[in-house]
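Please read the structure below before turning to the comments.
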Amino acid sequence: MTEASPPANLAERYYNYAYLDEQTKRMIRRAILKALAIPGYQAPFGSREMPVPYGWGTGGIQLTAAIIGPDDVYKCIDQGADDTTNAVSIRKFFAKVADVATTEDTSDATIIQTRHRIPEQSLKAGQVLVFQVPQPEPLRGLEARETETRAMHAYEEYGLQYVSLYENISAYGRIAATAGYPVMIEERYLMSPSPIPKFDNPKMDDNEAILLFGAGREKRIYALPPHTRVRSLDFEDYPFEVQSWEENCALCGAEDSYLDEVVLDDAGNKMFVCSDSHFCGERRKAGHSGPMAGHQLDQTVEGNTP
Amino acid sequence: MNAVANIQAEPLLRVQGLSKWYGHVLGCRDVSFEMRPGEVLGVVGESGSGKTTLLKCLSGRLVPSSGQVEFETRRHGLTDIYALSEPDRRRMQREDWGFVHQNPRDGLRMRVSGGANVAEPLMNMGQRHYGEMRRSTVEWLERVELDTSRIDDKPRNFSGGMQQRIQVARNLIHGPKLVFMDEPTGGLDVSVQARLLDLLRELVRDLGLAVIIVTHDMAVARLMADRLLVMRRGEVVETGLTDQVLDDPQHAYTQLLVSSVLQI
Amino acid sequence: MAYVSVKGGEKAIENAHLWLAEARRGDPSVAEVGVDQIREQLSLAVDRVMAEGSCYDPGLAALAVKQARGDLPEAIFLVRAYRTTLPRFGGSEPVDTEKMHVRRRISAAFKDIPGGQVLGPTFDYTHRLLDFTLAAEGLPPPAPAPASETPSSWPMPTIGSVFAHEDLLEADARSEAETPFDLTREPMSFPAGRDQRLQALARGDEGFLLSLAYSSQRGWGSTHPLCGEIRLGDVAVEFVPEELGFPIEIGEVTLTECQMLSGFAGSAERAPQFTRGYGLAFGHSERKAMSMAIVDRALRHREVGEQADAPVQDEEFVLYHSDNVEASGFVQHLKLPHYVDFQADLQLIRRLRREHFERLNPVQEAAE
């Protein structure tokens, strides 16, 4: 190899725009259209092997790769935060292979890829939220066989799911599911919202944005077009309810956001801060503050603009 | 008896020329009969006589090679069940029928509590009030004479006889019109068997249920059934009212079956 | 101990990559291993990477082994991620293993078999004693093994053609589909055709298939296999370019093929016969090919009406869990942050614990 030859690992020299070849993108787009046409239905697709491991966002990455263009503005979050390692890694990937602008600003983004959260700020028409999904089958924990669960969806036989909720109430006095809480789409398909906390479930209902869910390892895509009816399962006398905290965000004082617990020392001290790092930062910029404003964490978040 | 009371009623089930072949091997051949609401039909014969094949064909679990099974469905009236779409047939099976297996493991979800097993058919029918379902479940556990304080125990913590009672409650709670029973007392001790049979007879009478019960045990047939089909080598060799068949068997095979039970 | 911020992922990732590169190189005073050395001297590692990476390229596989620091599943992953980006010109003609240039060929079914037994380069019958002379470097290369007095026959009849005149062994059924199922393009579907199954097994993890085959032999879904034939050698690959319309040879690949025989007592329609399980792998991968053949046969229980209650006979279980790139990724994704779900669980457990103690101690609670 001579000095003048390009570095062998430079992705853009060896791969197509947005990494996937155009035929693969078309195949994925067809699966997306099918999924949008039958909201909540898990459309099988020919998931490709990606340069990141299965379980690390291969489904979400393929969805993004299939829909992204140079004019898009891309945001990627994990656990609600833009600066978690895997989110950083995926954002860098698309900055490199798709030559797009990236942002941490929820309202500026045209495509938001996420793992485990829906941003606190409402999404708008024209935005696409791409979920990374480890296990697309909401019934898998109750029935291991794909051949069985496919039949259950086909025949709309969801008794087993209700049995599990019933058992929860008998055992714990409440429905104990906390994340990945199953939802019913347009009163037809039972769907896993991916492992988002149930706190985020109500945000899916009647959302203005397109919600796409990609499971790379399990080779399934499902989707919610704008304004889809999404109902979290419950019983009449044990209605669905979301998590709430006695504390407010220690940094921005928010009362209505999903909070992360941060352990401060080994003496049991802790603080609660917004899981959505952009939401929290915006509030602080607007002058809101919580009981621990000025804490070390406060600066890191604000100082972290790429 | 119910059968007498309903003799004028429209048939609940009408079977015509039902045959099932497994390749060259005969399962059952040319079975025809009608059943009215509230009637208890016993299918008797030794093992290999085709009674299990017949039960599977009747209950929508095995497509017959020829013939028809018509049932008085809630949505479509008297209809060939194999002409229904699969979703419709499965819905009818959930809503209108019950099926009590010989082995409770085949009829219960062993990983969920007895109470949830009993309540599940209500959830399948769309009930969404936990408290009400819990109340119905307790009522049904009482009816099948189980300790209601054990409602949240898993089936494996119950004895075989008690598991069978859970299965019975699970198959009756949603108010089916027809219940299939496959040797429901088959795996049990004699004393446990007798108590369960008494209970079944009482429930069937009180609820006015139509039942098809398959058994090789003539004593069970005598106790439960209004009418009998005697099967041998895949064919029905004799039918009639239970007392008539058992007290005055016409076919040589029936005579043999009846005499073998008398010897015990 | 005070809280340390976990923010600043970008810098951390960069530094970790630098450290990884350093660790990969090891002690710089020791000479760097060359890709050609790996290809020539760790050839069985290279073969496994090609087989499970589903990409026949010894040079690329050797590079992957080097980059992965000898971690073969990681090397397989590298090759797969590369392979998936390659343009596809088409599918080759089926290779004809009867026309293999055989380096090794044995049958446990017959003492003498047309074409003969050829032992070839095998670990079999070596004594597994560490050879300390290998630790000394710079030794002259071993003397070439003496050539056979009789050249091995070509074509070398397969076990299928040995049996052909008697119908004792089931014939190979050609798939009805024009092009075989391709798992790298289509998702798994059930019931799986044999093409889908064989492809999944060929790509499947050697260790997983070995354990499944072993479980079958020990009685969990036994098919009483007998090793009809194993052959190793090079076969020509032919391709029909559209513009020519006839096949041309485009290269050679080394393959290991295994045919396992199992008895079948017959049914109403079928006469008693021997049935086969089939194994095929890139390179010299005997353990893999044999395991694959046993598992393939075990999964054919429906065709011969065998009772199926062992894990190895469960198509969904075997096919969904045999891919080590999928398995490794999903197991290891547990390393990714799960703060959000953990927070939700934490809340619930705290609440349940509070209720638990309230139930145990209602009086004290009331007094407070």
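In this text the structure is predicted, and so the values were computed from the model without any measurement. Naming: A, B, ... by sequence-line order, numbering from 1 per chain.
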For C:A81 versus A:P51, what's the shortest heavy-atom pair and its separation? CB-CA, 4.0 Å
Portion of C:F330 that has a non-hydrogen atom of chain A nearer than 4.5 angstrom: both
Short question: side chain of A:Y172, backbone of C:L348 - any donor-acceptor pair under 3.5 Å? no
By a 4.5 Å heavy-atom criterion (distance strictly below it), what part of A:A87 contacts chain C: side chain, backbone, both, or neither? neither
C:L346 versus chain A, the contacting section by heavy-atom distance below 4.5 Å: side chain
Is there side-chain contact between C:P187 and A:R220, with at least one heavy-atom pair below 4.5 Å? yes
Do the side chains of A:R150 and C:E316 get close enough for a salt bridge, i.e. N-O under 4.0 angstrom? no
Given that the side chain runs from C-beta out, which part of A:F199 has a heavy atom under 4.5 Å from chain C: side chain, backbone, both or neither? neither
Within a strict 4.5 Å, meaning less than it, do heavy atoms of the C:D341 and A:Q79 side chains meet? yes
Where is the tightest heavy-atom contact between C:T184 and A:R48, given as atom of each residue plus distance? O-NH1, 3.4 Å
What pair of heavy atoms forms the shortest contact from C:Y320 to A:E146, and how long is it? OH-CG, 3.7 Å
Between C:H356, C:R350, C:E186, the one whose heavy-atom pairs under 4.5 Å with chain A are most numerous: C:R350
